[in-house]
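One structure is given here, and the rest of the page talks about it.
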Amino acid sequence: MELQSIILPGIDPKRPLVISGPCSAETEEQVINTAKALKEAGVKIFRAGVWKPRTKPGGFEGHGSKAFPWLKRVKEELGMYVAVEVANVKHVREALANDVDILWIGARTTANPFSVQEIADALEGTDIPVLIKNPINPDVNLWIGAIERIHQSGIRRIGAIHRGFSSADKKIYRNLPHWHIPIELHRQIPNLPIICDPSHIGGRRELIAPICQQAMDLNFDGLIIESHCNPDKAWSDAAQQITPEVLTLILDNLVIRETNQTTESLTALRRQIDGLDNDLLELLAKRMRVSQEIGTYKKEHNMPILQAQRYDEILKDRIAMAEKMGMSGEFMKTVLMAIHEESVRQQMLIMK
Ligand code: PEP
Ligand code: MN
């Protein structure tokens, strides 16, 4: 995909690109105080939600246009770039008319191709940088589709934001990271910068630092982190916002590992992994062939494909073995279930 850098003039091209600011622009004072402290922390791009998508009505839905003069002050008095979320054509027009520097498309919007197309059409003829959050559901193609729609409108400075995926399982994370999805996005569009949003993944401030480090270890290009001059009193997403001072601490403690220098020994180890993956594939193919033979047998003897008891025994036995070999039972269960699914699919082809 033909893309241009999202690094704006005056911004350090080193990893990570940092965007920070409150979930929502609440008051002029909150915007200016937070931005001043962030500037001191070295942040160059200020984020603030002006229109807030809320799960239920009645929450703070943002001030809309009333907040733009506050953002203008951040630009003019502090020399920072400002970024806001847009969800429809009206938002795009107002943001452009108010000299916003960067737009982002929220997770709920990315999930809806109609909305993304409407935004793309409104962007035609402009060249503002646009960051596209992943859709709330874990669907890499829906994410790529949104990126393509924006790209087709002529926008070239595009970035992706990984903010995790909605799930009923809220044990640790507010939104599950499913790291393999942004990794797959990177595999498909290698030159697209990816920014991690630890605030919406974690949902709690204690999780911000570890998620930032994980994102850096996975070679993400940047971080977008919610910060607020008085997080506990925030009008939205209070539990996940941090002060600009804490942000400084987190950024200072990040370990950024060099990525473009592959050492000799690393190359050798990677080759070993390639080889082992080959072996794994061959073994899997062999297992599928045996499974097909079983399918033929079942067909000839009029037996059902699914033999629940046998499947259950296999699961228990292999999970116990995996645990003895130092792997997690959960992991082995996932692998076996995926293998079983493919095995059943192949037997069904034979039965037809
Ligand atoms: C936000 O950035 O404040 C926001 C609403 O995020 P998301 O679209 O990821 O939920
Ligand atoms: Mn938020």
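We count ligands from 1, going down the list as the structure has it; atoms in each ligand are counted the same way.
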Main-chain N/O of Ser236 paired to Gln241 side chain as donor or acceptor, under 3.5 Å
yes
Opening angle between SG in Cys23 and OD2 in Asp237, taken at the Mn ion (ligand 2), to 10 degrees:
100°
Does any N or O of ligand 1 fall below 3.5 Å from an N or O anywhere on Ala107, backbone included?
yes
Could you grab the angle centred on the Mn ion (ligand 2), going from NE2 in His200 to OE2 in Glu226, to 10°?
90°
Test your reading of the structure: does Arg108 have an N or O sitting under 3.5 Å from an N or O of ligand 1?
yes
Ligand 1 atoms nearer than 4.0 angstrom to some heavy atom of Lys52 are 1 (C), 3 (O), 5 (C)
Measure up the His162 and Phe165 rings against each other and bin them: parallel (under 30°), tilted (30 to 60°), perpendicular (over 60°).
tilted
Short side-chain donor-acceptor distance under 3.5 Å, His228 and Glu26
yes
Cationic N near anionic O, under 4.0 Å, Asp277 to Arg270:
no
Could you list the atoms of ligand 1 found under 4.0 angstrom from a heavy atom of Gly106?
8 (O)
Are His151 and Glu2 linked by a side-chain donor-acceptor pair shorter than 3.5 Å?
no
Checking Asp217 against Gln213: is there a side-chain donor and acceptor pair closer than 3.5 Å?
yes
Which residue and non-hydrogen atom of the protein lie closest to atom 4 (C) of ligand 1, and at what distance in Å?
His200 NE2, 3.5 Å
Per-atom contacts of ligand 1 with Arg163, taking only distances under 4.0 Å to non-hydrogen atoms:
7 (P), 9 (O), 10 (O)
Can you tell me if Arg149 and Gln117 form a side-chain donor-acceptor pair at under 3.5 Å?
yes
Nearest protein heavy-atom contact for atom 5 (C) of ligand 1: which residue, which atom, what distance?
Glu85 OE1, 3.6 Å
Glu76 bridged to Lys72 by N-O distance under 4.0 Å
no
For Arg47, the ligand 1 atoms with a heavy-atom partner under 4.0 Å come out as 1 (C), 2 (O), 3 (O)
Which of the numbered atoms in ligand 1 are below 4.0 angstrom from a heavy atom of Cys23?
3 (O)
Relative to the heavy atoms of Glu226, which atoms of ligand 1 are at a distance of less than 4.0 Å?
1 (C), 3 (O)
Check this for me: does any side-chain nitrogen of one of Glu342 and Arg345 sit under 4.0 Å from a carboxylate oxygen of the other?
yes
Note the single closest protein heavy atom to atom 6 (O) of ligand 1, along with its residue, its atom name and the distance in Å.
Lys133 NZ, 2.9 Å
Is there a heavy atom in Gly49 that sits closer than 4.0 Å to ligand 1?
no
